[in-house]
Structures are given as structure tokens and as C-alpha cells.
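Notes follow once the structure below has been shown.
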Amino acid sequence: MSRLESDYYAFMDFGGKHARDALTHYVRFFRAGPVLELGSGSGEFLGLLAEAGLTARGVDIDEGMVLRSRAAGHDVVLADAVEHLEEAEPASLGGVFCAHFLEHLEPADVARTFAAAARALQPGGAFVAAVPNAGSLSVLSYDFWRDPTHVRFYDPALLAFFAGQAGLSVLESGTNPRNDPGPPPPLI
């Protein structure tokens, strides 16, 4: 367990209204609960799901994030998210969500995540994964590398490969129109 991510987010003043606004894009993909959010952070998406009338819970390995999320009234477990998902009962979840989680994992753990999601989802359930857009110059050249816990980029084609390997079908792929990083910072 760690506090690195929550300490870094506090230092960079991440979260809040911008994060919540960007996450509203993903609520439409979930029709039924319970939804499990991997790397649920301070709970912005869990709050959006609750407002949409969906039962949801989260899991995060960062103690600071779990404390913030619980303080906001969310059901969040302090644990390794991949292991927690692997322990879920088969066909017990209406959805699995992760935003800016997979880039913190090595490829073998991403494959484990997709396989565990496929096993845990009810028929017709949704697995939605949002990752940094390596096609954005700002993200590729600057934003991604500021986070000390990032491991690597995963582009849509690679995520589609992992989905296929796990027996999942990709129904939609693309960018989030509510989360444009803007231009890269000026060069000095």
C-alpha cells in the first residue's frame, strides 16, 4: 500500500470539477450495477454512478485515495485492484470501469485485468477502460511523464487485442470529448 498517488495528486491539485466533468462521458456505458471501479481514486466516478442510480464500489491501492473516497461516502476497499477483481464472483458485476489505471500496469497485469473483468461481468455487462491518449502531443511529450507511477502507454489497438484475448468484444473506441489536454506547454 502506498500514498504516492494521492500525495502526487494533492501536490498537482488534480481532481475536482475538471475530473468529474471528464468522467461524465463514461456514465452512459453502464446500464446496470453493481459497477466496480478499479483505481477509484477520490471517488468522482463513484459519485456520478450513484447520481445515475447505479450501485457501485471501488478499489484502490493508495490509502490516501481510499480515505478521501470513503470520506465522500463511497464504498471503497484498500487493496490491489487486479487481485480484487480476480476474486470477484463470476458473472457478479454489471460493469467494470477504470480511468487512468491501466497505464500504471505492466502488460501481463493488463491481460490479467481484462481476463478477470470478462469472468466477473454478467452477460451484457460493460468493461470501460480510459487511458491517456498517446496520439496527443501534449500527453505524449509532457503530461504522461509527470506521473511517477506511470509504466507505459496502451493505445486503442493494443487494448482491443487484450479484450479479444479475454473473449470481450469492443463496441466503441475513441477519445473523450470532455477531456482535451490542450497544447503542450511552451518549449523553453
Side-chain angles (χ1 to χ4, degrees), residues 1-9 14-15 19 23 26 29-30 32-46 48-49 54-70 74-134 144-145 147-171 173 176:
M1 305 306 156
S2 166
R3 289 186 74 108
L4 181 61
E5 193 79 2
S6 58
D7 289 347
Y8 176 69
Y9 271 49
F14 287 158
L23 291 168
Y26 304 108
F29 293 105
F30 298 98
V35 176
L36 176 64
E37 183 179 7
L38 310 176
S40 54
S42 54
E44 287 93 349
F45 192 68
L46 295 173
L48 290 168
L49 290 172
L54 294 168
T55 303
R57 64 184 186 273
V59 57
D60 205 297
I61 199 166
D62 185 291
E63 180 183 32
M65 293 294 197
V66 170
L67 291 173
R68 285 185 198 146
S69 190
R70 286 179 180 168
H74 303 300
D75 178 7
V76 180
V77 176
L78 178 64
D80 178 279
V82 179
E83 291 175 4
H84 185 78
L85 180 59
E86 288 175 327
E87 294 169 1
E89 291 293 321
S92 63
L93 299 173
V96 176
F97 178 71
C98 58
H100 299 279
F101 170 75
L102 296 176
E103 65 272 15
H104 298 265
L105 304 178
E106 294 290 341
D109 291 324
V110 172
R112 284 176 54 211
T113 302
F114 274 81
R119 186 182 140 284
L121 285 171
Q122 300 164 357
F127 176 40
V128 177
V131 295
N133 181 358
F144 183 85
W145 305 109
D147 189 319
T149 62
H150 283 173
V151 174
R152 63 159 292 156
F153 282 106
Y154 292 96
D155 78 335
L158 183 52
L159 294 179
F161 168 77
F162 284 120
Q165 291 290 301
L168 296 170
S169 298
V170 176
L171 301 179
S173 180
N176 179 344

Is there side-chain contact between [X] and [Y], with at least one heavy-atom pair below 4.5 Å?
X	Y	result
Ser40	Phe101	no
Leu168	Phe114	yes
Leu85	Leu38	yes

Donor-acceptor contact below 3.5 Å, side chain [X] vs main chain [Y]:
X	Y	result
Ser69	Val66	no
Asp60	Met65	no
Arg57	Val77	no
His150	Phe144	yes

Provide the closest heavy-atom pair for [X] versus [Y] in the form atom of the first, atom of the second, distance.
X	Y	answer
Phe45	Leu23	CE1-O, 3.6 Å
Val131	Leu102	CG1-CB, 4.0 Å
Phe153	Ala134	CD2-CB, 3.5 Å
Ala120	Ala88	CB-CB, 3.9 Å

Task: Inter- and intrachain pairs under side chain to side chain donor-acceptor pair (under 3.5 Å), touching residues 152-162, at least two apart - done: none

Task: side chain to side chain donor-acceptor pair (under 3.5 Å) pairs, two or more places apart, involving residues 112-122 - done: Glu86-Arg112, Asp109-Arg112

- [ ] Sequence neighbours left out, what passes side chain to side chain contact (heavy atoms under 4.5 Å, CB included) with Val170? Give chain and number order.
- [x] Ala160, Ala163, Ser173

Open item on the list: Applying side chain to side chain contact (heavy atoms under 4.5 Å, CB included), can you list everything that pairs with Phe161, at least two apart in sequence or on another chain?
Closed with: Leu158, Gln165

Open item on the list: Could you measure the distance from the CG atom of Leu48 to the CD atom of Glu37? Nearest 0.5 Å is fine.
Closed with: 9.5 Å

TODO: Could you go through the side-chain hydrogen bond (donor to acceptor under 3.5 Å, both in side chains) check for His104 and Thr149 one step at a time?
DONE: CA-CA 6 Å; His104 298 265; Thr149 62; 2.8 Å; yes

- [ ] Starting from the C-alpha separation in whole Å, work towards a yes-or-no answer on side-chain contact (heavy atoms from CB on, under 4.5 Å) for Leu105 and Val82.
- [x] CA-CA 10 Å; Leu105 304 178; Val82 179; 4.0 Å; yes

Open item on the list: Using the ring pair (Phe, Tyr, Trp, His ring centres under 6.0 Å) criterion, which residues pair with Tyr26? Sequence neighbours excluded.
Closed with: Phe97

TODO: Check the pair Leu46 / Val76 against side-chain contact (heavy atoms from CB on, under 4.5 Å), numbers first and verdict last.
DONE: CA-CA 9 Å; Leu46 295 173; Val76 180; 3.6 Å; yes

